[in-house]
Amino acid sequence: MNRSGTSRAESSRPGTSRFPALRRAARREWGPLFTTVRTGLHDHGVRALALTLTAVALTATVQLVQNQAWGYGPVQSLGAVRAEDPLWLALLRTPLSLFVPALDLPVWGALAQILLVFGIAEVCLGRWRTLAIAYVATLAGTLYARVGIALGPDAFLGLPASDAQVVDTGPSAAVVGLAVYVCHAYRAWFTGSLVVVAMVVEVLVKDNLAGREHLASIAAALVVCAVRSGSGGGGRAAVRACRRAAAGPGRGRRR
């Protein structure tokens with residue numbers, strides 16, 4: 001059989017990729033992340049997702065309670081953050097606000113986001129770092145709302161006074177911040193850029209407080225990433241090891 005016939009036969013074999021460049025790009029982008037998640041779940045099982053499953057259950061419970069006549073008031077008093085609230089009260093409510101989904105959006109979307117992003121972050125970053133980044137991202141959105149309203153609608157990054165009565169975004173700011181942080185930590189540049197672009201487009205299409213707070217959470221996550229990289233705690237060696245493991249056995253050195 002000639003060479004061209006052999007090439008066609010090899011390309012038609014099951015499991016042979018017709019898009020090797022795309023496959024290599026996907027392996028570079030998600031290989032270290034996938035390897036870390038797979039290893040963590042294999043070694044620790046469902047325990048690796050303890051925080052994530054707790055967050056999903058808590059968010060679902062809060063959603064169920066706040067849709068009851070008797071539950072709406074307590075949820076608002078304990079977990080609803082508005083810019084018009086005193087700062088000390090907003091800070092007290094912020095931890096629970098991570099798990100208070102928006103009433104005007106389907107809760108399954110919030111639960112899916114938490115399960116996916118919190119789950120990946122918990123396995124890759126650890127439980128406490130995940131919780132810390134989520135809180136920082138949420139707090140950044142909360143504080144930005146106050147600054148934006150103080151600047152006024154005519155200023156750059158300013159907000160109208162009516163936004164002072166709007167409830168903060170809830171878990172979505174934490175999800176966005178965590179997504180950007182994990183992508184930076186594992187050098188998933190394309191995915192991280194997609195997240196940022198999507199949030200910018202969101203603001204351009206529908207400019208509201210939630211979209212602005214998402215951008216604030218991204219900014220906070222990038223600041224943490226910069227501090228982390230500057231302190232030399234990037235964990236690049238671990239990422240390179242995961243990348244080599246994800247690439248599989250190589251061809252070997254030529255002798």
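Everything numeric in this text was worked out from a predicted model, so none of it was measured. The chain is numbered in sequence order, starting from 1.
- Of the inter-residue distances, the one linking Leu92 atom CG with Leu87 atom CG reads 9.5 Å to the nearest 0.5 angstrom.
- Heavy-atom minimum distance, Ala55 versus Phe99: CB-CE2, 3.6 Å.
- Rounding to the nearest 0.5 Å gives a distance of 6.0 Å between CG of Leu91 and CG of Leu139.
- Across every non-hydrogen atom of Glu213 and Ala145, the tightest pair is OE2-CB, 3.6 Å.
- Glu122 and Thr52 are linked by a side-chain donor-acceptor pair at a separation below 3.5 angstrom, with hydrogens and angles left out of the test.
- Between Leu143 and Val147 there is no side-chain heavy-atom pair separated by less than 4.5 Å.
- Under the 4.5 Å side-chain contact rule for hydrophobic residues, Leu204 and Met199 share a cluster.
- With no hydrogens or angles considered, no side-chain donor-acceptor pair links His214 and Thr169 at under 3.5 Å.
- Annotation for Trp189: atom CH2 counts as buried by contact number, over 12 foreign heavy atoms lying within 6.0 Å.
- When only modelled atom types and interatomic distance are considered, Thr191 and Glu29 share a side-chain donor-acceptor pair under 3.5 Å.
- In this structure, the side chains of Ser97 and Thr138 come closer than 4.5 Å at one or more pairs of heavy atoms.
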Please test Phe118 against Val175 for side-chain contact (heavy atoms from CB on, under 4.5 Å), starting from the C-alpha separation and ending with a verdict.
-> CA-CA 7 Å; Phe118 268 68; Val175 166; 4.1 Å; yes
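- Scanning both residues, Ala179 and Val117, for their nearest heavy atoms gives N-CG1, 3.8 Å.
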Could you please spell out the steps behind the side-chain contact (heavy atoms from CB on, under 4.5 Å) verdict for Val75 and Val62?
-> CA-CA 7 Å; Val75 170; Val62 170; 3.9 Å; yes
Going through the distances and angles, do Arg28 and Arg187 end up as a side-chain contact (heavy atoms from CB on, under 4.5 Å)?
-> CA-CA 9 Å; Arg28 286 194 301 269; Arg187 307 301 188 261; over 6 Å; no
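- A 4.5 Å side-chain heavy-atom check between Val167 and Val81 finds every atom pair outside the cut-off.
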Starting from the C-alpha separation in whole Å, work towards a yes-or-no answer on side-chain contact (heavy atoms from CB on, under 4.5 Å) for His184 and Ser229.
-> CA-CA 10 Å; His184 180 275; Ser229 298; 3.2 Å; yes
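- In this structure, the side chain of Asp163 does not engage the main chain of Leu159 through any donor-acceptor pair within 3.5 Å.
- For Arg212 (side chain) and Asp207 (main-chain N/O), no donor-acceptor pair under 3.5 Å exists by modelled atom type.
- Grouping the Ile, Leu, Val, Met, Phe, Trp and Tyr side chains by contacts below 4.5 angstrom, directly or via other members, places Tyr181 with Val37.
- Counting only distance, with no hydrogens or angles, the side chain of Tyr186 and the backbone of Thr36 share no donor-acceptor pair below 3.5 Å.
- Both Ile133 and Leu115 belong to a single network of hydrophobic side chains, linked directly or stepwise wherever heavy atoms of I, L, V, M, F, W or Y lie under 4.5 Å apart.
- Side-chain contact between Trp128 and Leu51 is absent, with no heavy atoms from C-beta onward closer than 4.5 Å.
- When side chains are defined from C-beta on, Pro171 counts as touching Ile114, because their heavy atoms get closer than 4.5 Å.
- Rounding to the nearest 0.5 angstrom, the gap separating the CG atom in Leu178 from the OG atom in Ser217 is 9.5 Å.
- Thr130 and Ala121 get closest at one heavy-atom pair: OG1-O, 3.0 Å.
- Across all their heavy atoms, Ala140 and Ala220 have their closest contact at CB-CB, 3.4 Å.
- To the nearest 0.5 Å, atoms CD (Gln165) and CD1 (Ile149) are separated by 9.5 Å.
- Side-chain contact between Arg146 and Arg82: absent, with no pair of heavy atoms (C-beta onward) separated by less than 4.5 Å.
- We find that Asp85 and Arg93 are joined by a salt bridge, their nearest charged nitrogen and carboxylate oxygen being less than 4.0 Å apart.
- By the 4.5 Å heavy-atom criterion applied to side chains, Leu103 and Tyr72 are counted as neighbours.
- Trp108 is not connected to Leu116 by any chain of hydrophobic side-chain contacts under 4.5 Å among Ile, Leu, Val, Met, Phe, Trp and Tyr, and they are in different clusters.
- Side-chain atoms of Thr142 and Asp168 form a donor-acceptor pair, as typed in the model, at a separation below 3.5 Å.
- Gln66 places a side-chain N or O within 3.5 Å of a backbone atom of Pro101 that can act as its donor or acceptor partner.
- Taking every heavy atom of both residues into account, Ala48 and Leu41 meet most closely at CB-CD2, 4.3 Å.
- One distance of note links CG of Asn208 with CD of Glu202; it measures 6.5 Å at 0.5 Å rounding.
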